[in-house]
Amino acid sequence: MTYKTSRRIAQVATIFMVSTGVIGVTFYWVVVPFFYAPYQYSSVSDPLRILQFYFIEGDIPWYPLGILFVAFAVFGRGFCGWACPFGFFQDIVHVFTGMDLPEWLHNGLTKVKYLVLVAVFAACYFTATPLFDRINPFATLVASLPRMLLVGFTVDTWVILRLTLFFLLLTSFLFVHRFWCRYLCPVGALAAVFNKVSPLHLHLDPSRCNKCKDCLDVCPTKVNIFDVVRKRPVECILCGDCADVCRRGALSLSFTEKVVREAYTSREEAYGPLRYPLPPDEYIRRKYPPERREKPPLSEVSLRKLRGIRGRIIYFYEDSKEIPPFIKEMETVPTMQVWLVNMKESINLVQHYQLERSTLFINGRVYTGKLEEDAVVTYMFKEYAMLCRLSVVFDTAKCRPCRTRDCTTVCEKIDIRFESKIEAHPLTEFDCFICGECITACKRGGVSLVYGEPKVDFTLNLAHLESLQDKLLEVEPMTLKAFIERDSVHCNKVITMLAAISHLSRGRINFELIDALEEPERTRAYDITFLPTVVVGRFKTFGVPTEGSLVLLIRRSSRWKE
Amino acid sequence: MKYGWLFVVIIGITGIYLGIERDQPDYTGDFGEYPCFLCASVEPDYEVVVFSSTFCNQCERAIERIQKLCQLTGIQYGGAYYDDAEESFQKLSELGLEKNTDFLVVILKDGAIVDKDTEADTVVQFLSDTVKEASEL
């Protein structure tokens, strides 16, 4: 059961529990720890009103404050998310999603509820009446409006003020989720400070989080979820919507401090004894915080290289014992997506990729190098460095009349804005790993990859390439090396062609893009005299090869290997 | 900070204990029971009159609670009339009532009697229920 379902059940149950006055059962000695107001069938006491009464009486409210302290200390603002009937009302009426206040305004308004709390008691002090009840929006909803409709009412200043405020708030609830809870609720303000200490909290498992930020989009109070590890945000109402949306199960509501433990082998177990002995503990002055000590035992050099690098690793394995430990450990790097696929269980995938043995895919393409930590990490580093330089270009003149929008069908990340004739978007903007599917999906040749200037005055013979797909699927996995240069239309064509071939071969044909001017040693080593040049095993093709010739070369190279 | 919540819970439980020592659950129950005229945008146009025996501790406590209710809800408190006072007989005859018990509370609206009760212990509940029902709160 999702948190949302449980929450709805709890909210509905709360409404029943606080309305048992309808059958004559009341518990007025119970002060509820959420925003409330008395109405015809209410059976419990409103915390704000009770506190105001004690305030008017000049008595210290030991008992009601004690109840609130215990409830808030254990659950924090959990009651706002899970029990408050007014919160439930806001959840229901929030129909226009996707709109919100700008960040600066939101940050400013979150402080207003503390002012409201002070104002409630200040008004009570000066008037010796619980003045807030005159405009309490929950009272308007459950007590005032029903009575006005059923019995009638006299128009006076307070009635006008009350109705105006209520309908303004109602409008805001339609567009801004939990507007009252975020910015105005005095009971929420009272509970907020307890969020810092309450054992019920949102737990983030950093080893599972890939920073997709889906959780940030659904948070009703716009909490920065990534802050929950360092500090408990006072704005969080512990609704669990973020946990529901997290596909990797990185978020959960918890009463206990969970320690993230994975079944990893130690560095010594994985790589043998350490080369240099560690100094004794007394010489290590700095005491690292627990989360720092729980870092995965991936080597420090690898971790440094992988810092900030995005990548997607899929490892198809036959036996779980053969999974290299460093691949498992990469899962803990927040920017890495690591999927371990059991070949025996995922028959459809294995058939799709026509795999016969354990295979590592990096960014959707078969990795053909050594399966060693250093080699894989270095490869990912280089790959990401190259991805950062490339852009995907949409020739909107070609795609404007296109009604099928095949490119957006195959990839949800694509966002053509039709702002100019040639639209260039850096790959990192899309979080794209050059799978090449959009290139082959666009039958009009409107999608290309470029290095440098968006020069796309070329046409790929995609139909011919597609006709050669069967032949591409027969070859052994290999990595082509393309020596290219920046701002060259020919190089752009080669890059686009390689991406298309890679996709059609279902990742069997990998490619490495080498900037010839930036890596002169490798250029000299391969004796490159003309750009672009594609090195296919032992063969080289200078200039822009045709689709057919490149496939032919790939097949020849594959046979030569045999 | 890890067990800060436990500290706050202990403070809360201490508060509840101190509150119980001061009969605050009863007061809180009374407060919660009070009719909320402001919540429903209604003007409380009621008057409460009390008739009491002179030496009756229970009645004195009930009068205190009635005064508190009237002060906090905005109901007009019409005063307490004791048996030994002349005004008490005048007021009773004015309202057309007879007093055969130690305690009598009368709720009036525009001079007319809405309801009356003789139980001092449950006077707050009686007043709250009657006023709520009469005002359709």
Side-chain angles (χ1 to χ4, degrees), chain A residues 26-31 37-40 42 44-46 49-50 52-54 56-57 59-74 76 128-134 136 138-140 142-144 146-148 150-151 153-154 156 158-159 162 194 196-200 257, chain B residues 1-45 64-65 67-76 122 124-125 127-129 131-137:
Chain A
T26 54
F27 324 89
Y28 288 119
W29 49 271
V30 174
V31 180
Y39 53 98
Q40 200 168 6
S42 63
V44 288
S45 289
D46 168 13
R49 191 156 176 262
I50 295 293
Q52 287 180 87
F53 281 162
Y54 274 97
I56 294 166
E57 289 281 297
D59 200 359
I60 300 171
W62 294 108
Y63 173 73
L65 271 186
I67 290 182
L68 295 180
F69 266 52
V70 172
F72 291 151
V74 178
T129 51
L131 197 69
F132 179 67
D133 285 340
R134 282 196 182 274
N136 182 335
F138 186 58
T140 311
V142 293
S144 186
R147 195 180 183 284
M148 283 176 179
L150 296 172
V151 183
F153 63 101
T154 320
D156 62 14
W158 284 112
V159 169
R162 150 165 266 158
F194 293 88
K196 291 277 182 195
V197 294
S198 76
L200 179 63
E257 294 285 346
Chain B
M1 207 61 178
K2 192 176 176 184
Y3 294 105
W5 68 275
L6 212 56
F7 179 66
V8 182
V9 166
I10 291 167
I11 293 174
I13 290 170
T14 312
I16 293 171
Y17 174 75
L18 289 173
I20 290 169
E21 288 232 307
R22 288 163 174 73
D23 285 338
Q24 285 192 349
D26 282 347
Y27 291 133
T28 306
D30 285 351
F31 286 156
E33 204 164 4
Y34 286 176
C36 185
F37 294 103
L38 300 185
C39 297
S41 298
V42 176
E43 289 306 321
D45 47 358
E64 270 177 32
R65 295 174 91 167
Q67 281 176 327
K68 199 178 274 186
L69 183 144
C70 292
Q71 184 200 345
L72 296 176
T73 56
I75 295 173
Q76 197 188 334
T122 56
V124 171
Q125 198 177 351
L127 287 175
S128 300
D129 287 348
V131 170
K132 279 180 190 174
E133 200 178 320
S135 305
E136 297 178 65
L137 291 181

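In what follows, chains carry the letters A, B, and so on, assigned in the order in which the sequence lines appear, proteins first and then strands, with residues in each chain numbered from 1. Computed from a predicted model, the values in this text were never measured in an experiment.
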Trainee: Given the side-chain rings of A/F53 and B/Y34, with only the six-membered ring counted for Trp, is the space between their centroids under 6.0 Å?
Mentor: yes
Trainee: Inspect the surroundings of OH in A/Y28 and state if more than 12 heavy atoms from other residues, nucleotides or ligands are less than 6.0 Å away.
Mentor: yes
Trainee: Top residue by heavy-atom pair count (under 4.5 Å) with chain B, among A/W62, A/Y39, A/F153, A/F72?
Mentor: A/W62
Trainee: Can you tell me how far the CG atom of B/L72 sits from the SG atom of B/C36, to the nearest 0.5 Å?
Mentor: 11.5 Å
Trainee: Using a 4.5 Å cut-off on heavy atoms from C-beta on, say whether the side chain of B/I13 contacts that of A/V70.
Mentor: yes
Trainee: Between B/L69 and B/I75, is there a side-chain heavy-atom distance shorter than 4.5 Å?
Mentor: yes
Trainee: Name the region of A/F194, side chain, backbone, both or neither, that has any atom closer than 4.5 Å to a heavy atom of chain B.
Mentor: side chain
Trainee: Just verifying a value: how many Å separate A/Q40 CD and A/S42 OG, rounded to the nearest 0.5 Å?
Mentor: 9.5 Å
Trainee: Quick one: of B/S135, B/C39, B/G15, who has the most non-hydrogen atom pairs under 4.5 Å with chain A?
Mentor: B/C39
Trainee: Hey, what do you get for CD (B/Q24) to CD1 (A/I60), rounding to the nearest 0.5 Å?
Mentor: 8.5 Å
Trainee: A/Y54 and B/T28: side-chain donor and acceptor closer than 3.5 Å?
Mentor: yes
Trainee: Side chain, backbone, both or neither: which part of B/E133 has a non-hydrogen atom closer than 4.5 Å to chain A?
Mentor: neither
Trainee: When rounded to the nearest 0.5 angstrom, what distance separates CZ in A/F138 from CG in A/D46?
Mentor: 9.0 Å
Trainee: Please flag which part of A/P61 lies under 4.5 Å from any non-hydrogen atom of chain B: side chain, backbone, both or neither.
Mentor: backbone
Trainee: Under 4.5 Å from any heavy atom of chain B, what part of A/R134 do you find: side chain, backbone, both or neither?
Mentor: both
Trainee: Below 4.5 Å, heavy-atom pairs only: which of B/I20, B/T14, B/V42, B/L6 has the largest tally toward chain A?
Mentor: B/V42
Trainee: Measure distances from A/V142 to the heavy atoms of chain B and classify the residue's part below 4.5 Å as side chain, backbone, both or neither.
Mentor: neither
Trainee: Could you tell me which of A/P146, A/G76, A/A73, A/S198 has the largest number of non-hydrogen atom pairs under 4.5 Å with chain B?
Mentor: A/A73
Trainee: Which atoms of A/I67 are under 4.5 Å from chain B, going by heavy atoms: the side chain, the backbone, both sets, or neither?
Mentor: both
Trainee: With a 4.5 angstrom heavy-atom cut-off, which part of A/L150 approaches chain B: side chain, backbone, both or neither?
Mentor: neither
Trainee: Counting heavy-atom pairs under 4.5 Å to chain A, which of B/Q71, B/E33, B/R22, B/E21 comes out on top?
Mentor: B/E33
Trainee: What part of A/E57 gets closer than 4.5 Å to chain B, counting heavy atoms only: side chain, backbone, both or neither?
Mentor: side chain
